[in-house]
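In what follows, every heavy atom counts, from backbone to side chain, and hydrogens, waters and symmetry copies are set aside.
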Amino acid sequence: MDGIHDLGGMVGFGAIDPEGDEPTFHAPWEATAFRINVAAIALLRAYNTDEYRHAIERMEPVHYLQARYYERVLTGATSLLVEKGVLDHADLERRAGGRFPLALPVHANADEGRSEPAAPRFAVGDGVIVRRDHKPGHTRAPRYVRGQPGVVVHVAPAFWYPDASAHGLPGRREPTYHVEFEATALWGDAAEPDAPVVVDLWESYLEPRS
């Protein structure tokens with residue numbers, strides 16, 4: 001979906017200032033948030049990785065921009081555990097001593113009912129165009145490549161289609177592709193010339209380029 005998380009290629013957020021010798025966790029609670037999410041996915045099987053990603057995308061935009069990485073992890077995990085009936089939101093807020101914001105409700109997904117492709121539709125060297133879809137549900141097609149022409153440079157193994165699994169729909173695998181774009185085609189003359197941009201894309205995101 002076109003959420004606040006899809007910031008690829010956007011400017012105006014200031015320079016990136018990487019932290020030297022950055023630790024994995026800056027505070028003990030961050031390690032706890034990480035363990036909660038791993039346990040919920042791998043041990044409890046309360047939700048899958050795509051549902052988790054979509055839960056983070058559903059955070060209130062202001063909350064998303066202000067939250068550090070592990071606060072997003074904690075919000076995504078607890079939102080799903082509340083939605084799945086494992087945790088109680090009122091109990092969370094009682095324990096937190098105040099408001100404990102969760103992700104916004106799930107939107108419907110337009111991919112419900114699509115069938116699993118039998119074989120890859122595209123081959124290396126094929127010209128493709130990324131579908132200009134603006135779906136309300138989860139997608140892994142970045143906004144900056146939608147509607148843009150590219151070339152298939154590698155046919156990757158079939159993988160679970162995230163637009164379905166993020167919504168709890170029956171799992172199905174789809175061919176995936178590495179598609180190459182020219183940076184100047186995506187962002188104009190201000191982009192670095194002769195710089196290829198390669199994006200992993202599922203088959204449902206692509207159309208043949210005539």
Side-chain angles (χ1 to χ4, degrees), residues 1-13 37 40-41 45-69 71-87 89 92 99-117 121-122 128-150 158-177 179 181 186-187 197 199-209:
M1 65 182 187
D2 298 338
I4 194 66
H5 64 286
D6 193 355
L7 298 176
M10 293 184 68
V11 296
F13 290 89
N37 189 47
I41 293 175
R45 298 188 183 281
Y47 51 82
N48 62 47
T49 304
D50 293 313
E51 288 177 297
Y52 158 69
R53 290 184 176 127
H54 189 38
I56 291 178
E57 296 167 4
R58 293 187 280 118
M59 289 173 64
E60 293 180 3
V62 172
H63 183 197
Y64 180 93
L65 290 176
Q66 293 177 339
R68 296 176 64 90
Y69 177 81
E71 184 175 344
R72 294 175 188 166
V73 172
L74 183 63
T75 302
T78 52
S79 295
L80 286 163
L81 290 172
V82 168
E83 292 169 4
K84 303 288 184 181
V86 178
L87 296 179
H89 192 194
L92 279 176
R99 184 169 180 261
F100 194 108
L102 300 179
L104 299 173
V106 180
H107 292 285
N109 188 291
D111 283 291
E112 187 169 6
R114 283 194 179 184
S115 58
E116 185 169 317
R121 183 183 182 190
F122 304 107
V128 295
I129 293 180
V130 183
R131 293 169 59 94
R132 198 186 291 275
D133 284 337
H134 295 275
K135 299 183 292 188
H138 179 71
T139 185
R140 300 282 288 173
R143 187 164 41 195
Y144 67 85
V145 296
R146 294 180 210 162
Q148 297 294 336
F159 201 75
W160 297 109
Y161 183 53
D163 300 40
S165 55
H167 292 261
L169 300 175
R172 61 185 178 91
R173 295 178 186 271
E174 268 202 10
T176 58
Y177 304 90
V179 180
F181 306 85
L186 299 178
W187 296 298
V197 177
V199 182
D200 296 351
L201 295 166
W202 274 260
E203 185 161 293
S204 286
Y205 302 156
L206 303 174
E207 295 177 331
R209 189 173 67 189

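Using modelled atom types, one finds no donor on one side chain facing an acceptor on the other under 3.5 Å when comparing Glu51 with His54.
A distance of 4.5 Å separates CG of Leu65 from CD1 of Ile4, quoted to the nearest 0.5 Å. Thr75 contributes atom OG1, which lies 11.0 Å from atom CG of Asn37 (distance to the nearest 0.5 angstrom). Between Glu174 atom CD and Phe159 atom CZ the span is 12.5 Å, to the nearest 0.5 Å.
A salt bridge links Glu60 with Arg99: the closest approach of a Lys/Arg side-chain nitrogen to an acidic carboxylate oxygen falls below 4.0 angstrom.
With sequence neighbours excluded, the residues satisfying side chain to side chain donor-acceptor pair (under 3.5 Å) with Asp50 are Arg53, Ser165. By the side chain to side chain donor-acceptor pair (under 3.5 Å) test, Arg58 pairs with Glu83, sequence neighbours left out. Residues passing the side-chain contact (heavy atoms from CB on, under 4.5 Å) test with Arg72 are Ile56, Met59, Tyr64, Ala67, sequence neighbours excluded.
In this structure, Val128 and Tyr177 have side chains that are not in contact, with every pair of non-hydrogen atoms separated by 4.5 Å or more. Between Val82 and Phe100, the closest side-chain pair of non-hydrogen atoms is not below 4.5 Å. Contact annotation: the side chain of Pro162 never approaches that of Thr49 to less than 4.5 Å [non-hydrogen atoms, C-beta and beyond]. Considering only heavy atoms from C-beta on, Asp133 stays 4.5 Å or farther from Tyr205 through its side chain. Looking only at side-chain heavy atoms (C-beta outward), Val199 and Tyr144 come within less than 4.5 Å of each other. Residues Thr176 and Arg140 form no side-chain contact, since every pair of their non-hydrogen atoms from C-beta on lies 4.5 Å or further apart.
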task: Take Asp163 and Trp202, measure what side-chain contact (heavy atoms from CB on, under 4.5 Å) needs, and give me the verdict at the end.
output: CA-CA 10 Å; Asp163 300 40; Trp202 274 260; 5.9 Å; no

- [ ] Could you go through the side-chain contact (heavy atoms from CB on, under 4.5 Å) check for Arg146 and Thr139 one step at a time?
- [x] CA-CA 11 Å; Arg146 294 180 210 162; Thr139 185; 3.9 Å; yes

List the steps and the verdict of side-chain contact (heavy atoms from CB on, under 4.5 Å) for Val130 and Leu206. CA-CA 5 Å; Val130 183; Leu206 303 174; 4.0 Å; yes

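Across all their heavy atoms, Pro142 and Leu201 have their closest contact at CD-CD2, 4.1 Å. The two residues Asp6 and Ala141 have their closest heavy-atom pair at OD2-O, 4.5 Å. Smallest separation of non-hydrogen atoms from Gly76 and Ala55: O-CB, 3.7 Å. When every heavy atom of Trp160 is checked against every heavy atom of Gly171, the shortest pair comes out as CZ3-C, 3.5 Å. Heavy atoms only, all atoms of each residue included: Ser204 and Arg172 are closest at OG-NH2, 4.3 Å. When all heavy atoms of Leu74 and Thr78 are compared, the closest pair comes out as O-OG1, 2.7 Å.
Not one N or O on the side chain of Glu57 forms a donor-acceptor pair closer than 3.5 Å with the backbone of Gly3. In this structure, His134 contributes its side chain and Arg143 its backbone to no donor-acceptor pair below 3.5 Å.
The number of heavy atoms from other shown groups lying within 6.0 Å of CZ (Arg209) is above 12.
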